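Heads up: the structure comes next, in structure tokens.
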Amino acid sequence: MTRQLHLNAFLMTVGHHEAAWRLPESDPFAHLDVQHYVRLARIAERGKLDSLFLADSPVLWNSVGHRPSGGLEPTVLLTALAGATERIGLIATASTSYNEPYNLARRFASLDHVSGGRAGWNVVTTAGPDAARNFNLDDQPAHRDRYARAAEFVDVSRKLWDSWEDDAALGDKANGVWGDDTKIHPAGHTGEYFQVAGALNVPRSPQGHPLLVQAGSSEDGKALAARYADAVFTAQQTLEDAQAFYADLKRRALAEGRDPDTVKILPGIVPAIGSTQAEALALEEELEQLIKPEYALRQLAQTLKLDPSALHLDRELPDDLPDEDEIEAAKSRYTLIVELARRERLTVRQLIGRLGGGRGHRTFAGTPEQVADAIQHWFDNGAADGFNIMAPVLPSGLEVFVDQVVPILQRRGLFRTEYTTRTLRDHYGLPRPAGVLKSSA
Ligand SMILES: Cc1cc2nc3c(=O)[nH]c(=O)nc-3n(C[C@H](O)[C@H](O)[C@H](O)COP(=O)(O)O)c2cc1C
């Protein structure tokens with residue numbers, strides 16, 4: 001079969017554009033309404049998309065003045081969506097810095113059972129000091145330490161998921177034997193960050209391990225992805241950068257002894273779609289006009305580790321900015337933003353407009369045909385195995401993508417016309433982890 005795209009719907013409140021909530025069509029409180037997400041999930045499933053994805057951080061992100069804030073916890077929300085859908089994968093973000101492996105391994109194994117094998121975990125280290133202050137700390141642990149903890153966290157989680165052999169539960173009524181104790185293998189983990197006896201209190205789940213996603217693109221982020229990730233979400237602005245990232249990550253996966261095809265790389269795209277290009281550009285323009293620059297400027301200053309007074313809306317970024325080495329929060333996003341501003345010589349106002357669309361993800365305005373071409377171009381040229389679709393406005397942006405772009409990709413033979421598989425791993429063409437070898441073997 002020819003290589004096919006993997007498409008994930010990254011859902012965010014009423015759209016990825018920070019001003020989407022101000023459009024006449026948007027309900028500013030929709031992000032607290034489970035029916036809003038049920039509707040989005042069903043649209044994505046109608047389009048045969050591989051998966052849905054919810055971002056998260058254990059902190060109140062940004063100022064509440066700015067955009068809809070304070071959302072539902074993703075694994076809770078995805079549990080509700082599991083009951084409202086049948087095939088689509090369900091990926092939740094959870095932090096390795098501010099959780100314990102036993103809790104999270106249990107939660108994702110549970111979601112995998114509840115959904116019949118459709119759970120995925122976006123493993124993040126959580127950038128910024130604000131979240132740290134919610135967890136008994138004065139500041140965030142160093143970037144390197146957060147990633148070292150993340151690696152051990154995933155190791156422990158995998159031990160826990162494998163602590164039951166697939167056939168440990170017997171339910172043998174005749175002999176009065178419910179399960180086979182010899183098929184339970186406690187984690188017995190003692191490491192630098194965690195001490196976990198195991199076994200998990202959930203039997204092995206349909207996928208064995210939920211799909212693992214990684215979304216940090218710093219050196220440490222890429223190392224973690226190469227070792228563990230089944231899929232990688234990434235923000236890339238240019239074809240050349242995306243190709244370099246793609247080649248680098250596939251090479252690193254090979255060096256880890258993995259088949260590079262089993263690591264799916266999915267850059268984000270924020271498509272503003274219109275029946276003509278002028279209509280698409282007008283939608284972008286309408287959204288940009290609704291941005292309140294004073295909020296956005298404060299946020300940009302925080303990302304760049306500057307005092308807001310150092311930024312002027314109608315000037316370019318100051319020359320003297322910190323190196324990526326000095327950034328302890330989100331390293332790769334910092335570099336992307338600075339490079340975007342410098343490459344295109346954007347004023348702060350223009351940069352804010354670009355970031356308002358997708359926080360550094362690639363924005364693209366065009367007709368359905370042009371969006372399909374943009375997707376295919378990166379897919380055919382070693383830059384992507386698929387895309388994270390980040391509709392600027394929800395539900396309308398996802399609806400138009402599913403109804404008008406997906407059929408073009410299907411006609412080109414680039415995307416499935418029906419689900420032919422059941423689990424999320426199957427949708428992504430990935431094997432089910434074997435787990436512990438049978439004790440009788
Ligand atoms: C598509 C995408 C989604 C992300 N979602 C989250 C998220 O939900 N929560 C979070 O803390 N970080 C999220 N991140 C950020 C990364 O996981 C990471 O924390 C950040 O890029 C810093 O990592 P780095 O220093 O390795 O670049 C996301 C990144 C991408 C590309």
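Source: prediction; values computed, not measured. Whatever order the structure lists them in is the order used to number ligands and atoms, beginning at 1.
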More than 12 heavy atoms of other residues, nucleotides or ligands under 6.0 Å from [atom1] of [X]: yes or no?
X	atom1	result
Gln243	CD	yes
Glu86	CD	no
Arg432	CZ	yes

Next on the checklist: When you measure from the heavy atoms of Asn122 to every atom of ligand 1, does any distance fall below 4.0 Å?
Outcome noted: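 In this structure, Asn122 qualifies as a contact of ligand 1 - some heavy atom is under 4.0 Å.
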
Next on the checklist: For a salt bridge (charged side-chain N to carboxylate O under 4.0 Å, His left out) check, start with the C-alpha distance between Glu219 and Lys222, then their side-chain angles and the critical distance, and finish with the verdict.
Outcome noted: CA-CA 5 Å; Glu219 287 302 303; Lys222 286 188 284 194; 3.5 Å; yes

Heavy atom of the protein closest to [atom] (residue, atom name, distance):
atom	answer
atom 18 (C) of ligand 1	Gly216 CA, 3.9 Å
atom 20 (C) of ligand 1	Ala330 CB, 3.8 Å
atom 19 (O) of ligand 1	Thr125 OG1, 4.3 Å
atom 13 (C) of ligand 1	Val124 CG1, 3.9 Å
atom 8 (O) of ligand 1	Asp56 N, 2.7 Å

List ligand 1 atoms under 4.0 Å from [X], heavy atoms only on the residue side.
X	value
Tyr147	23 (O), 24 (P), 26 (O)
Ser218	24 (P), 25 (O), 26 (O), 27 (O)
Thr93	7 (C), 8 (O), 9 (N)
Thr126	11 (O)
His143	24 (P), 25 (O), 26 (O)
Lys331	24 (P), 25 (O), 27 (O)
Arg333	29 (C), 30 (C), 31 (C)
Asn388	1 (C)

Checklist entry - Would Ile291 and His17 count as a side chain to side chain contact (heavy atoms under 4.5 Å, CB included) if you check the C-alpha gap in whole Å, the side-chain angles of each, and the deciding distance to 0.1 Å? => result CA-CA 9 Å; Ile291 293 178; His17 197 285; 3.6 Å; yes

Next on the checklist: Nearest non-hydrogen contact with atom 28 (C) of ligand 1 belongs to which option: Ser95, Ala55, Gly268, Ala215?
Outcome noted: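 Closest candidate by heavy-atom distance is Ala215.
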
Next on the checklist: side chain to side chain contact (heavy atoms under 4.5 Å, CB included) for Val123 and Val154? Distances and angles first, verdict last.
Outcome noted: CA-CA 8 Å; Val123 178; Val154 177; 4.0 Å; yes

Checklist entry - Given the side-chain rings of Phe153 and Tyr193, with only the six-membered ring counted for Trp, is the space between their centroids under 6.0 Å? => result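 So the answer is no for these two rings.
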
Item to check | His189-Phe194 aromatic ring centre distance below 6.0 Å | outcome: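 No: the rings miss the under 6.0 Å criterion.
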
Checklist entry - Taking non-hydrogen atoms only, is His361 closer than 4.0 angstrom to ligand 1 via side chain, backbone, both or neither? => result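 The part of His361 near ligand 1 is the side chain, not the backbone.
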
Does ligand 1 come near enough to [X] that some N or O of the ligand is less than 3.5 Å from an N or O of the residue?
X	value
Ser332	yes
Thr234	no
Ser57	no

Checklist entry - Does the side chain to side chain contact (heavy atoms under 4.5 Å, CB included) test come out yes or no for Thr347 and Gln350, once each step is laid out? => result CA-CA 5 Å; Thr347 63; Gln350 290 166 325; 3.3 Å; yes

Next on the checklist: Walk me through whether Tyr228 and Glu256 qualify under side chain to side chain contact (heavy atoms under 4.5 Å, CB included).
Outcome noted: CA-CA 9 Å; Tyr228 299 106; Glu256 290 285 343; over 6 Å; no

Checklist entry - So, are Glu73 and Arg107 salt-bridged, with charged N and O less than 4.0 Å apart? => result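 Looking at Arg107 together with Glu73, the answer is yes, because their closest N to O distance falls below 4.0 Å.
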
Next on the checklist: Taking side chain to side chain donor-acceptor pair (under 3.5 Å) as the criterion, tell me which of Gln299, Lys292, Glu294 meets it with His66.
Outcome noted: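 Considering Gln299, Lys292, Glu294, a side chain to side chain donor-acceptor pair (under 3.5 Å) with His66 is found only for Gln299.
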
